[in-house]
Asker: 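Dropping a structure here in structure tokens format, bear with me for questions.
Remember, it's a predicted structure, so these values are computed and weren't measured experimentally. Whatever order the structure lists ligands and atoms in, that order sets their numbers, starting from 1.
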Amino acid sequence: MKKNELTNSTPIYISSRRKFLKTAGLASTALFTGLTAKNNISNNLALSYLKEFCDFSELPNDFIYLNNGTEGTMPECVMSSLKTNLSKWTRNPTYSYELDRDLGKRQEYNREKVGQFLSVDKNNVCLTDNTTMGISMAIMGLNFKSTDKVVTTNQEHPSVISPLQIWRSRQGLRLEIQSFPPPEEIRSMSQNELLDVLFPNTSALRGAKAMCVSHVYPTTGVRLPLRALREKADELKITYLIVDGAQAIGAIDINNVNERVNNCDFYACSGHKWLNGPPSTGVLYIRNSEIQPPEFYPTLSQRMIRYTDGSSNYPIAKALQIRGCSNTPGFTAMVRAMKFVEEEGGTTIIEDYILNLSHEVKNFFLTFAPNCIISPYTDNALTSGITTFYPFKWNQPQIPIKDKKTATWVSETLLKRNIQIRPIGIPKTGTSYGSSEKSYALRVSTGYFNSINDIELFKSSLKDVLKKIN
Ligand SMILES: Cc1ncc(COP(=O)(O)O)c(C=O)c1O
């Protein structure tokens, strides 16, 4: 909805992308009962729009953006927080950097707010530029020895692969790389089946120093629930559970007991993807706020001195926070994005909404091309807002097409119609870490700003485009 529509006599909810608490509730019901009424909204809801206006109004109404997995888009209140704080900084830069509660280098206030969102203490929270930075702080901070081993999978993002490769090259760290089963198997697996295949109780995995995995995989959309991961790590007597939450935060209900971040020893995530915060924002959660050298080093920090001058109780998250000038207007806006989630009714409502849209996408493939869907659909515990599928010729839906050229062509052709999804490479089962041997699929991210109407338009356009593959 455009801002100036507020002054229009047309009911303001008609063209809105916005999903308020009640919208989400109604939309969920509609989806479960097979309805597709986007605008089944009461007048009460229209009033709530007027009370406090925060919509995804910058995203053009005719742009069907289904790529939250790469970048989110800010709702108006988040962008306005960013602009206001950039102005505040500009008016008084030195005060802002040194002392301002929101913009200062120590970030005590924003860390506290992020802590509340994650249900943890501020001393467990360091604000980062992105997931890559948080993961690197965690993996490079630990004191791995050449005799240590680390369990990981063949589908990690380069932000996890890269620091592990540094340890392997420098120190000879052993990596136990567990292959995901092929997509044809993953899609109908249950949580327990998948976790047992990925992390069997074998001597190769037992006693590893760390398990480095993702909460939600950008390749297949598989979600690995955090409590189940913790239980696996404990069963295998693995010391540290390090989780890449880039594709989870803002989409997964972290208030659900199965998904609390405090199941992990380190959890790194982005503010700029599913949370719809600004660019260059992220969070690193560190469970043991008292961890310190030689167990863990603050690798990107100006405060190593605190651990060498005899004062030993300096919180490591604080040491990692103080690292020169950061994007503090962005952090303040990220906190606003978290408040937006609460205003919408909280993480459970948001996850529900996102999953319902993703079920609509999954149902399309289950109906027309069940061989081509990759993302899991039988066990809800494994599902996320990401749906990946192989393209196919509309008249040959039983044959998935797995090359890069086709996936890229479909994605580019949809983009010409103002629909953004993306091609994604899926490492082949049994290939080495970071291998370029991949099959290529398409990824649809159903975000909180999307509507059922967006999904309907996506499906009909995709059908048209698939008919043109020759
Ligand atoms: C699983 C995963 N980890 C890490 C990243 C990198 O995220 P960031 O840009 O926040 O560092 C991505 C980005 O797509 C991702 O999908």
Asker: Would you call Glu108 and Lys122 a salt bridge, taking side-chain N to carboxylate O under 4.0 Å as the test?
Answerer: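 Yes, charged N to carboxylate O under 4.0 Å.
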Asker: Taking N or O atoms only and a 3.5 Å limit, does Gln247 qualify as a polar contact for ligand 1?
Answerer: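 Right, the criterion is met.
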Asker: Run the side chain to side chain donor-acceptor pair (under 3.5 Å) test against Glu176 and tell me which residues pass, sequence neighbours left out.
Answerer: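 Arg174.
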Asker: Centroid separation under 6.0 Å, is that true for the rings of Phe266 and Phe296?
Answerer: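 Centroid separation for Phe296 and Phe266: below 6.0 Å.
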Asker: Salt bridge check: are Asp100 and Lys105 linked by an N-O gap of less than 4.0 Å?
Answerer: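 A salt bridge is absent here (no side-chain N lies under 4.0 Å from a carboxylate O).
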Asker: Just so I know, are the side chains of Gln191 and Asp379 near enough to count as touching, which here means a heavy-atom distance under 4.5 Å?
Answerer: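 Yes - at least one pair of side-chain heavy atoms lies under 4.5 Å apart.
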Asker: Any idea which protein heavy atom is nearest atom 11 (O) of ligand 1, and the distance to it?
Answerer: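 Nearest protein contact, heavy atoms only, for atom 11 (O) of ligand 1 is Thr132 OG1, 2.5 Å.
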Asker: In terms of residue, atom name and distance, what is the protein heavy atom nearest to atom 4 (C) of ligand 1?
Answerer: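 The closest heavy atom on the protein side is Ser159 OG, 3.2 Å.
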Asker: Heavy atoms only: which of Glu156, Glu71, His157 lies closest to atom 12 (C) of ligand 1?
Answerer: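 When every heavy atom of Glu156, Glu71, His157 is considered, His157 comes closest to atom 12 (C) of ligand 1.
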Asker: Run the numbers for me: atoms of ligand 1, each under 4.0 Å from some heavy atom of Pro218, listed by number.
Answerer: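 Answer, ordered by atom number: 1 (C), 16 (O).
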Asker: May I ask you to identify, for His272, whether its side chain, its backbone, both or neither come under 4.0 Å of ligand 1 on a heavy-atom basis?
Answerer: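 It is the side chain that touches ligand 1; the backbone stays farther off.
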Asker: Looking only at protein heavy atoms, which one is nearest to atom 13 (C) of ligand 1, and what is the separation?
Answerer: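 Looking only at protein heavy atoms, the one closest to atom 13 (C) of ligand 1 is Lys273 NZ, 2.7 Å.
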Asker: Throw together a table of side-chain donor-acceptor distances under 3.5 angstrom for residues 321-330, partners on residues two or more places apart or in other chains.
Answerer:
unit_1	atom_1	unit_2	atom_2	d
Gln321	OE1	Leu127	N	2.6
Gln321	NE2	Leu127	O	3.2
Arg323	NH1	Leu127	O	3.0
Arg323	NH1	Leu320	O	3.0
Arg323	NH2	Leu127	O	2.7
Asn327	OD1	Gly330	N	3.0
Asn327	ND2	Pro279	O	3.3
Asn327	ND2	Ser280	O	3.1
Thr328	OG1	Leu103	O	2.9

Asker: Show me which atoms of ligand 1 lie under 4.0 Å from any heavy atom of Ala246.
Answerer: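 With Ala246 as reference, the close atoms of ligand 1 come out as 2 (C), 3 (N), 4 (C), 5 (C), 12 (C), 15 (C).
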Asker: Between Glu342 and Lys339, is the closest basic N to carboxylate O distance under 4.0 Å?
Answerer: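 Salt bridge between Lys339 and Glu342, a charged N being under 4.0 Å from a carboxylate O: no.
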Asker: Considering only heavy atoms, does Asp244 approach ligand 1 within less than 4.0 Å through its side chain, its backbone, both, or neither?
Answerer: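 For Asp244, the contact with ligand 1 is made by the side chain alone.
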